[in-house]
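Heavy-atom basis, side chains included; hydrogens, waters and symmetry copies ignored. In what follows, chains carry the letters A, B, and so on, assigned in the order in which the sequence lines appear, proteins first and then strands, with residues in each chain numbered from 1.
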Amino acid sequence: MTQPLLKIEDLAVSFDTSEGTVRAVNGVNMSVYPGQTLGVVGESGCGKSVSALSTLQLVPTPPGSFDGGRILFDGENVLDKSEKEMQKIRGNHIAMIFQEPMTSLNPVYTVGDQICEAILLHQHVNQAEAKDIAEQALRDVGIAEPRARLDVYPHQMSGGMRQRIMIAMALACKPRLLLADEPTTALDVTIQAQILELLRKLQTEHGMSVMLITHDLGVVAENADVIAVMYAGRVVEYGSVHDVFANPMHPYTQGLFESIPKLGETHDRLPTIPGQVPNPARLPAGCPFHPRCKNTRCLAAEAPAEQVTTLSAAVVEDDIPADNVMKDCVDGDPPLLEVAPGHWAACWHAPGHADGKATRPDVSYRRAAEEPVAG
Amino acid sequence: MNDAASIPSTAPAPPRASSTRRQTYMQRVLSDTFVRWGARLGLAWIVVLTFLAIFAPLVANSRPLLIKMDGEWSSPMIKSLTPLDIALLLGFFVAAIAYFIKSVPAHFRALAVLAVVLLTWLVAWLSAGEPPPEVYETYRVAEREGRVQFVINAPIPYSPRDRLRDQPGVGLVAPWWAWWETTNTEARRHRHHWLGNEANNMDMASRMIHACRVALSIGFVATGIAMVIGIVLGGFMGYFSRAVDLVGMRLVEVFEFIPSLYLILICVAFFGRNIYFIMVILGLTGWTGYARFTRAEFLRLRNQDFVLAAQACGLPLRSILFRHMLPNGIGPILVTASFGVASAILYEATLSFLNVGDVQRPSWGELLYQALQGTGSFTWWIAIFPGFAIFMTVFAYNLIGESLRDAIDPHMKKSSHL
């Protein structure tokens with residue numbers, strides 16, 4: 001069996017803020033196999049980006065601190081590595097592209113300067129060879145007249161082009177893992193499709209693994225092999241893209257799917273998940289999702305009175321009424337358990353959770369090229 | 001080609017050289033700065049001073065540029081050049097040549113010029129023997145005695161320290177064109193100085209021209225030292241923040257309490273009058289402003305995406321700090337520097353005015369001091385010309401700094417067009 005290229009085990013990262021300690025990432029488990037795309041989905045502030053930045057050890061410490069867990073890249077824990085060793089890994093073995101192409105390039109240097117600097121750092125080539133590699137990288141990402149573009153400053157380019165440049169820069173050293181932190185969020189829809197198509201093509205060419213961080217379920221459906229749904233610093237559902245899309249187990253995932261507009265259906269108003277993402281410094285007791293959960297309310301309406309409690313006043317807001325919820329949702333934080341083979345969920349009332357197995361989520365599934373997903 | 005075809009490129013055609021001028025941020029800022037007439041005026045004044053400083057021995061010298069004396073051709077001016085003169089003149093010509101070699105990157109050319117200047121200075125200084133005793137009036141006396149067949153004098157035929165020993169008792173004379181000044185007939189014979197004479201018979205114009213060197217160099221050396229220290233310390237403080245910042249800022253505060261003027265006075269009392277000493281002290285005490293600005297800029301920049309992207313590329317700290325962050329935050333530092341140069345010049349003038357400057361070198365402040373030492377009557381020409389020069393130079397740097405600030409700060413762009 002192939003080993004996962006990246007394995008994040010029980011990662012916990014917290015930040016010291018003026019409001020107290022914020023557990024941005026709380027016991028996250030995920031793994032990426034060679035050539036696989038892991039889609040990490042969740043709302044802003046749920047710990048997606050922190051997980052990725054931790055992999056490169058780019059979380060500023062302080063205020064951040066690693067409270068536990070391991071991040072195994074190629075079997076070695078990157079959290080144990082020194083800054084010098086990390087510099088050899090960053091850009092060379094693990095590359096990252098960021099959400100904002102407008103600000104991710106240094107405005108004072110030409111595109112060529114910036115790509116060549118990374119190449120010269122990690123590969124034993126001279127200036128002229130580095131320029132050739134950079135030119136090839138620009139050609140790979142579909143930029144016309146790559147040689148001329150090397151001498152262009154970032155402000156002379158459009159957002160889509162800059163994101164292509166970022167990708168070219170990340171891929172110039174042929175990394176084995178690409179962390180793509182919302183690579184298409186700042187781009188308009190047609191450019192999004194082009195960039196994702198490009199990423200997919202380059203991934204098959206280079207045999208690279210991708211951790212695709214996004215809050216766009218459509219992007220995940222088209223690109224990911226495996227999905228990790230994150231909420232409030234923990235993974236709440238994990239499984240192959242087919243399993244999760246066909247049979248979402250966690251009420252948060254279900255809510256996300258319901259709130260996608262569908263062709264051919266008429267709604268007065270798109271269903272939403274009520275309330276806001278909780279403040280990570282003051283998470284509600286028990287399951288962090290219970291104040292917003294529709295499932296627990298439905299169950300509480302029919303459950304015997306001793307299993308039901310009223311939502312505590314601390315979490316009640318304008319659009320979160322003080323309804324009855326299930327007692328176990330308030331009492332304990334549900335662990336992420338394997339509720340069905342290859343499908344993990346963290347919800348007391350998910351089907352199969354009661355006798356789920358406590359295993360680390362680990363799916364090596366890779367879909368065949370261009371296989372459509374029923375969603 | 002297939003790749004390009006399958007993925008439609010969103011790219012517009014690459015900018016043509018004719019339509020879009022490729023400019024770095026710095027080039028844009030500089031061109032924005034020198035569009036303003038104030039900055040141009042300031043720059044023009046600085047350029048004039050620079051030329052005078054470099055060519056001072058050719059412009060004002062008691063020794064003729066070329067002379068045929070007793071049937072022999074010679075150039076006493078060239079013989080009298082000091083190592084510094086040679087280094088500056090050679091450096092100027094190398095710089096002029098380097099300006100036209102466009103194929104070599106600018107910073108290499110600048111480094112080459114600097115290297116030439118320093119190397120020539122070193123070589124000339126090591127190979128120079130004991131300077132000959134300075135007898136400035138030799139050629140004037142020879143000319144009077146009729147031994148000179150041909151002579152080309154400098155435009156101002158007086159060295160800055162030429163006390164006109166062949167014309168005793170001249171005393172303070174006004175500029176020749178000051179018709180309202182009444183002088184006795186004896187002194188009137190000597191009233192051929194452009195800017196008059198000072199108390200020791202030395203020619204004002206010559207001293208003013210040679211003083212440009214001190215005025216310019218003190219500004220650049222003191223500011224240069226301060227900038228290097230300030231940027232390095234401020235950079236570390238801003239990038240690492242936390243403990244480094246805490247310690248660094250306390251250091252800044254400690255240094256801000258040091259009254260540099262009095263420190264210089266004390267050091268002069270201990271170690272004697274040395275212009276380089278004053279430059280170094282000004283540099284060592286004046287870096288706090290640069291450190292503060294650099295820190296503030298780096299605090300802002302360290303959270304920018306491109307810094308994170310540079311880190312994610314695995315670039316070393318040195319490259320992130322000084323290659324990626326510094327050029328993006330250099331603007332406010334340059335503005336401070338241009339004001340810093342002006343203030344260093346003022347410092348030197350103040351010290352010389354207090355008569356604790358370097359007496360070996362002519363300086364504007366020292367001339368002002370002489371005006372105060374008046375012999376009963378107010379010698380306006382000694383006060384006005386150096387005062388004007390100091391005022392103009394400081395004003396010029398302030399104008400440039402002001403324009404630089406406006407060019408960097410887009411909100412200020414409309415408010416002032418100085």
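- Contacts of A/Leu53 with chain B are made by side-chain atoms alone, with heavy-atom separations under 4.5 Å and no backbone atom involved.
- At most 12 heavy atoms of other shown residues, nucleotides or ligands fall within 6.0 angstrom of atom NZ in A/Lys131.
- By the neighbour-count criterion of 12 heavy atoms within 6.0 Å, atom CD of B/Glu253 is densely surrounded, having more than that number from other residues, nucleotides or ligands.
- Side-chain contact between A/Leu105 and B/Phe306: absent, with no pair of heavy atoms (C-beta onward) separated by less than 4.5 Å.
- Using a distance-only test at 3.5 Å, with no hydrogens or angles considered, a donor-acceptor pair links the side chain of A/Asn106 to the main chain of B/His324.
- The parts of B/Arg323 that come within reach of chain A are both its backbone and its side chain, each placing non-hydrogen atoms under 4.5 angstrom from that chain.
- B/Leu317 CG to A/Glu83 CD: the interatomic distance, rounded to the nearest 0.5 Å, is 8.0 Å.
- Closest non-hydrogen pair, B/Gly314 versus A/Leu121, comes out as O-CD2, 3.0 Å.
- Atom OH of B/Tyr99 is surrounded by 12 or fewer heavy atoms from other residues, nucleotides or ligands within 6.0 Å.
- Neither the backbone nor the side chain of A/Met157 comes within less than 4.5 Å of any heavy atom of chain B.
- For chain A, the nearby parts of B/Leu308 are the backbone and the side chain; heavy atoms of each come within less than 4.5 Å.
- Side-chain polar atoms of A/Glu117 and B/Ser319 form a donor-acceptor pair below 3.5 angstrom.
- Counting non-hydrogen atoms of other residues, nucleotides and ligands closer than 6.0 Å to CZ of B/Arg250 gives a total above 12.
- By the neighbour-count criterion of 12 heavy atoms within 6.0 Å, atom CZ of B/Phe293 is sparsely surrounded, having that number or fewer from other residues, nucleotides or ligands.
- In this structure, NE2 on A/His122 lies 6.5 Å from SG on B/Cys313, to the nearest 0.5 angstrom.
- Side-chain contact between B/Asn328 and A/Pro107 is present, with heavy atoms from C-beta onward closer than 4.5 Å.
- If you measure heavy-atom distances from A/Met166 to chain B, the contacts under 4.5 Å come from the side chain alone.
- Scanning both residues, B/Pro327 and A/Val108, for their nearest heavy atoms gives CB-CG2, 3.7 Å.
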